[in-house]
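Because the structure is a prediction, the values reported are computed rather than measured.
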Amino acid sequence: MSAEKVRKYLIDKKLESHITVHKETIDTVEHAAEQIGCSEAEIAKTLSFLVDDKPVIVVMAGDGRVNSSKFKGQFHTKPRMVPRELVNEVIGHEPGGVCPFAINENIPVWLDVSMKRFEIVHPAAGDEFTSVALTLPELEVVSKAEGWCDICKGWGE
């Protein structure tokens, strides 16, 4: 159901041709890179945090990890993930298929600078079998991003 919601959203944005349905799961960065045929870094992983008890999404390169100090500098609190069992309810997509679009209302989306080294990135598209290939300008538009942030470490800055 979530993937269908994302498909309709991307059709409205004229990006349906960018969607790929995979035969095997893309529920992890490693699985996604294998199925898509790209580096793990080019996977745009979508992480859901709670900031002041409200959800915030950050999309980052697949080889990035959250740096607590940088996160606190950006959001003025320690990073705290949305509990896995609440992700669908809070965000609108199941874990393994969380993407930064067709989400519940009033959830700010931030894009991490770790993705800026790529022309195209690959976020999930609503379930663990569907991805979408987007340029960074397309990702900015379809995610309705608040802007760019720098909260990652480990990505070869």
Side-chain angles (χ1 to χ4, degrees), residues 1-51 54-66 74-75 79 81-152 155:
M1 182 174 213
S2 187
E4 189 55 36
K5 178 172 69 170
V6 171
R7 179 177 295 283
K8 287 178 184 174
Y9 181 82
L10 293 173
I11 287 170
D12 289 345
K13 304 291 184 196
K14 310 281 190 256
L15 293 169
E16 181 182 22
S17 64
H18 297 236
I19 300 170
T20 301
V21 178
H22 305 277
K23 293 181 181 179
E24 295 184 35
T25 185
I26 59 163
D27 63 338
T28 66
V29 168
E30 181 182 28
H31 292 153
E34 288 172 9
Q35 289 299 305
I36 293 166
C38 67
S39 71
E40 290 183 14
E42 293 168 279
I43 301 303
K45 63 183 176 183
T46 304
L47 300 180
S48 310
F49 297 96
L50 291 172
V51 174
K54 295 178 185 160
V56 170
I57 286 178
V58 177
V59 186
M60 64 185 67
D63 61 346
R65 295 184 321 252
V66 176
Q74 175 74 35
F75 297 107
M81 301 286 294
V82 173
R84 184 175 177 82
E85 65 274 9
L86 297 178
V87 169
N88 189 30
E89 176 186 336
V90 172
I91 303 300
H93 300 303
E94 290 287 341
V98 176
C99 58
F101 28 84
I103 56 178
N104 293 339
E105 290 187 30
N106 300 316
I107 300 175
V109 174
W110 289 88
L111 306 177
D112 189 80
V113 297
S114 59
M115 295 186 294
K116 283 194 171 187
R117 60 202 149 128
F118 304 112
E119 287 185 36
I120 295 176
V121 293
H122 305 272
D127 70 20
E128 66 180 280
F129 293 97
T130 312
S131 68
V132 58
L134 298 170
T135 65
L136 295 181
E138 289 168 339
L139 179 61
E140 287 179 295
V141 170
V142 298
S143 69
K144 301 176 186 174
E146 298 286 321
W148 289 87
C149 64
D150 180 6
I151 67 158
C152 284
W155 59 272

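- Closest of all the heavy-atom pairs between Ser143 and Leu111 is OG-CD2, 4.1 Å.
- Lys5 and Gly92 get closest at one heavy-atom pair: NZ-O, 3.3 Å.
- Expressed to the nearest 0.5 Å, how far OG1 of Thr20 lies from CD1 of Ile36 amounts to 7.5 Å.
- Residues satisfying the ring-ring contact (aromatic ring centres under 6.0 Å, His included) test with Tyr9, not counting sequence neighbours, are none.
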Using distance only, find each side-chain donor-acceptor pair of residues 119-126 under 3.5 Å and give its atom names and separation, not counting sequence neighbours.
none

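- Nearest heavy atom pair, residue Pro95 against residue Val87, reads CG-CB, 3.9 Å.
- For Ile26 against Ser131, the heavy-atom pair with the smallest separation is CD1-CB, 3.8 Å.
- Taking a 6.0 Å sphere around CD of Glu85, one finds it holds more than 12 heavy atoms contributed by other residues, nucleotides or ligands.
- Note: Ile151 CD1 to Phe75 CZ = 5.5 Å, rounded to the nearest 0.5 Å.
- Considering CD of Glu34 and OG1 of Thr25, their distance stands at 10.5 Å, rounded to 0.5 Å.
- Note that CG of Leu139 and CZ of Phe118 are 13.0 Å apart. Values are rounded to the nearest 0.5 Å.
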Stepwise side chain to side chain contact (heavy atoms under 4.5 Å, CB included) check, Val132 with Phe101: CA-CA 11 Å; Val132 58; Phe101 28 84; 3.6 Å; yes
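- The side-chain hydrogen bond (donor to acceptor under 3.5 Å, both in side chains) search around His31 returns Asp27, Thr28, not counting sequence neighbours.
- For the atom pair CD of Glu24 and CZ of Phe129, the computed distance is 8.5 Å after rounding to the nearest 0.5 Å.
- For Thr130, the side-chain hydrogen bond (donor to acceptor under 3.5 Å, both in side chains) test picks out Asp127, with sequence neighbours left out.
- Met81 places a side-chain heavy atom less than 4.5 Å from the side chain of Leu47.
- Pairs of residues two or more places apart, or lying in two chains, that qualify as salt bridge (Lys or Arg N to Asp or Glu O under 4.0 Å) and include a residue from residues 7-21 are Arg7-Glu16.
- In terms of modelled atom types and a separation under 3.5 Å, the side chain of His93 and the main chain of Pro100 share no donor-acceptor contact.
- Rounding to the nearest 0.5 angstrom, the gap separating the CD1 atom in Ile103 from the NZ atom in Lys144 is 8.5 Å.
- For the pair Trp148 and Asp112, the minimum side-chain heavy-atom distance is 4.5 Å or more.
- Note on residues 86-109: no pairs pass salt bridge (Lys or Arg N to Asp or Glu O under 4.0 Å), not counting sequence neighbours.
- The shortest heavy-atom contact between Met60 and Cys152 is SD-SG, 3.3 Å.
- Not counting sequence neighbours, the partners of Glu138 by the side-chain hydrogen bond (donor to acceptor under 3.5 Å, both in side chains) test are Thr135.
- Taking the side chain to side chain contact (heavy atoms under 4.5 Å, CB included) definition, one finds that Pro55 meets it with Val90, Ile91, Ile107, sequence neighbours left out.
- The stretch residues 42-51 participates, sequence neighbours left out, in these side chain to side chain donor-acceptor pair (under 3.5 Å) pairs: Ser39-Glu42.
- Considering only residues two or more places apart in sequence or on other chains, Gln35 meets the side-chain hydrogen bond (donor to acceptor under 3.5 Å, both in side chains) condition with none of them.
- Across every non-hydrogen atom of Met115 and Val59, the tightest pair is CE-O, 3.4 Å.
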